[in-house]
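If you're wondering where the values come from, they're calculated on a predicted model, not measured in any experiment.
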Amino acid sequence: MSRVVTFGELLLRLSPPSHLRLTQARSFDMYYGCAEANVAASLSKFGVSVKFITAVPDNELGESSLSMLRSFGVEPISFIQGKRLGIYYFEQGASERPGKVVYDREDSSFSTLKKGMIDWETAFKDADWFHWSGITPSLTLELAEICEEALKVASRMGLTISADLNYRPTLWKYGKNANEIMPNLVKHCDLLLGGIDDSEKVLGIKINEKDTQEDIFSNWMKAFPKLKNIVTTKRMDANASSNGISASFWNGKELLHSQKYNISHLIDRIGAGDAFMAGIIYGMIAWPNDNQTALEFAAAATCLKHSISGDINLATVNEIKALMGGSGGGRVSR
């Protein structure tokens with residue numbers, strides 16, 4: 001198995017129990033996770049060796065968050081600095097009431113990282129793959145520049161590089177738009193997770209009215225010649241309690257589609273994209289010459305994540321393969 005390195009902020013998540021609204025909450029369910037940390041934990045559960053680079057405060061929350069990652073087998077490389085762990089509050093939606101996220105992450109330990117602090121050559125020693133997401137460069141200009149540092153070293157050292165565009169408009173607050181920052185980072189990527197809505201907002205690539213999905217992804221590859229594969233997920237007939245979900249894979253020659261899953265009782269959709277990202281990374285490592293199987297594994301992984309509370313997908317490789325093979329939740333496994 002390849003060795004993977006991820007980089008991002010580790011957050012504390014607080015969610016009201018029993019689908020209560022934030023304005024009703026008198027207690028919270030507590031989880032750790034977010035984006036790249038979720039990918040790291042899921043990959044480690046699949047048996048992949050993973051390092052996760054972050055920064056946390058020197059207090060009980062910082063130590064608890066790192067202990068959580070270690071419990072999954074992830075090796076944290078953490079800078080102990082700053083005064084606080086970033087927090088986000090998640091209000092679980094129901095039926096036609098959508099879920100809601102409120103961020104409280106300004107001046108977090110992670111946001112105090114500076115250029116030159118991370119020895120990327122040491123971090124990438126013996127690694128084969130580097131994964132990042134668009135959330136990190138959305139937080140501060142300094143973090144965008146640190147991402148660029150990492151990507152230049154990873155490219156020079158020959159690592160496969162993947163990214164989830166993860167566009168969160170409420171996070172881009174430091175005077176730059178995503179499409180001013182992200183293209184300079186995405187140009188280093190071999191694999192990208194994103195949707196057609198990201199084309200202009202994130203990548204600065206305009207869409208013509210008659211463009212097909214293949215046209216749009218082909219234009220991405222023309223703009224970023226290093227890019228070899230693009231994956232995307234699609235939700236259908238969706239409300240906060242039930243979704244249809246499928247995924248597609250563009251390899252520059254053909255657009256592959258996964259089977260569709262109907263999720264009739266959604267427990268928690270936070271981290272579903274990260275479950276997909278971990279699934280596609282694992283799939284491309286496990287089946288390097290079989291894009292369709294890699295895609296089906298990732299789609300089944302994201303489906304199962306919707307049944308699991310918290311940010312992190314707890315599904316195993318065997319459980320995901322069973323769902324791929326048609327063994328759903330209709331029978332009890334005995």
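- With no hydrogens or angles considered, no side-chain donor-acceptor pair links Y89 and S15 at under 3.5 Å.
- In summary, the aromatic rings of F217 and F249 are positioned with their centroids too far apart to meet the 6.0 Å limit.
- Among all heavy-atom pairs drawn from D164 and D274, the shortest one is OD2-OD1, 4.2 Å.
- For the residue pair T6 and H131, no side-chain donor N or O sits within less than 3.5 Å of a side-chain acceptor on the partner.
- Classification of the Y88-Y103 ring pair by plane angle, with boundaries at 30° and 60°, yields tilted.
- Atom NZ of K173 has 12 or fewer neighbouring heavy atoms from other residues, nucleotides or ligands inside a 6.0 Å radius.
- A301 and N313 make their closest contact through O-ND2, 3.4 Å (heavy atoms, listed as atom of the first residue, atom of the second, distance).
- Enclosure of atom CD in E180 by more than 12 non-hydrogen atoms of other residues, nucleotides or ligands within 6.0 angstrom is indicated.
- Of all non-hydrogen atoms in T136 and G8, the two that sit nearest each other are OG1-CA, 3.7 Å.
- Checked by atom type, the side-chain pair R84/S108 shows no donor-acceptor distance below 3.5 Å.
- Contact between L203 and P183 at its shortest, heavy atoms only, is O-CG, 3.5 Å.
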Worked verdict on F90 versus V101 for side chain to side chain contact (heavy atoms under 4.5 Å, CB included): CA-CA 5 Å; F90 175 58; V101 169; 3.8 Å; yes
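- Counting heavy-atom neighbours within 6.0 Å of Q24 CD, excluding the residue itself, gives a total above 12.
- Salt bridge annotation for D190-K228: present, with a cationic side-chain nitrogen under 4.0 angstrom from a carboxylate oxygen.
- Other residues, nucleotides and ligands place more than 12 heavy atoms under 6.0 Å from the CG atom of L255.
- Linking ILVMFWY residues whenever their side-chain heavy atoms come closer than 4.5 Å, directly or via other members, leaves Y31 and V56 in distinct clusters.
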Can I get a per-line list of side-chain donor-acceptor pairs under 3.5 Å for residues 140-156, giving both atom names and the distance, sequence neighbours left out?
residue: T140; atom: OG1; partner: L143; partner atom: N; Å: 2.9
residue: E142; atom: OE2; partner: K115; partner atom: N; Å: 2.9
residue: E148; atom: OE2; partner: N184; partner atom: ND2; Å: 3.0
residue: E149; atom: OE2; partner: G116; partner atom: N; Å: 3.0
residue: S155; atom: OG; partner: L151; partner atom: O; Å: 2.9
residue: S155; atom: OG; partner: H188; partner atom: ND1; Å: 3.2
residue: R156; atom: NH2; partner: E121; partner atom: OE2; Å: 2.6

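- Atom-to-atom distance recorded for S44:OG and I312:CD1 is 10.5 Å, nearest 0.5 angstrom.
- Every residue two or more places apart in sequence or in another chain was checked for a salt bridge (Lys or Arg N to Asp or Glu O under 4.0 Å) with E296, and none qualifies.
- A continuous path of ILVMFWY side-chain contacts below 4.5 Å connects I135 to I270, so both sit in one hydrophobic cluster.
- Remark: side-chain polar atoms of E9 are not paired, donor with acceptor, to backbone N or O of A55 under 3.5 angstrom.
- To the nearest 0.5 Å, atom CG of residue N291 and atom CD of residue E254 are 7.5 Å apart.
- A search for side-chain contact (heavy atoms from CB on, under 4.5 Å) contacts involving N179 returns N177, not counting sequence neighbours.
- Both Y167 and F7 are assigned to one and the same hydrophobic cluster, defined by single-linkage of ILVMFWY side chains at heavy-atom distances under 4.5 Å.
- The environment of K226 atom NZ is dense: over 12 non-hydrogen atoms of other residues, nucleotides or ligands sit within 6.0 angstrom.
- Relative orientation of the W287 and Y282 rings is perpendicular, given thresholds of 30° and 60° on the angle between their planes.
- A donor-acceptor contact under 3.5 angstrom links the side chains of Y261 and Q259, judged on distance only.
- Residues meeting the side-chain contact (heavy atoms from CB on, under 4.5 Å) test with A294, sequence neighbours left out: I280, M284.
- With no hydrogens or angles considered, no side-chain donor-acceptor pair links S218 and D215 at under 3.5 Å.
- For the 3.5 Å distance criterion, the side chains of Q81 and S109 fail to qualify, holding no donor opposite an acceptor.
- Shown here are the side-chain contact (heavy atoms from CB on, under 4.5 Å) partners of A247, two or more places apart in sequence or in another chain: T233, S258, F276, L295, A299.
- The pair K305-D311 does not count as a salt bridge, with every side-chain nitrogen at least 4.0 angstrom from each carboxylate oxygen.
- Counting all heavy atoms, side chain and backbone alike, E91 lies closest to L22 at OE1-N, 2.8 Å.
- Taking the ring-ring contact (aromatic ring centres under 6.0 Å, His included) definition, one finds that F52 meets it with nothing, sequence neighbours left out.
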Trace of the side chain to side chain contact (heavy atoms under 4.5 Å, CB included) decision for I263 with I245: CA-CA 8 Å; I263 305 166; I245 193 163; 3.8 Å; yes
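- A side-chain donor from one of W220 and S199 sits under 3.5 Å from a side-chain acceptor of the other.
- Checked by atom type and distance alone, the side chain of S246 never pairs as donor or acceptor with a backbone atom of K260 at under 3.5 Å.
- Salt bridge annotation for E63-R70: present, with a cationic side-chain nitrogen under 4.0 angstrom from a carboxylate oxygen.
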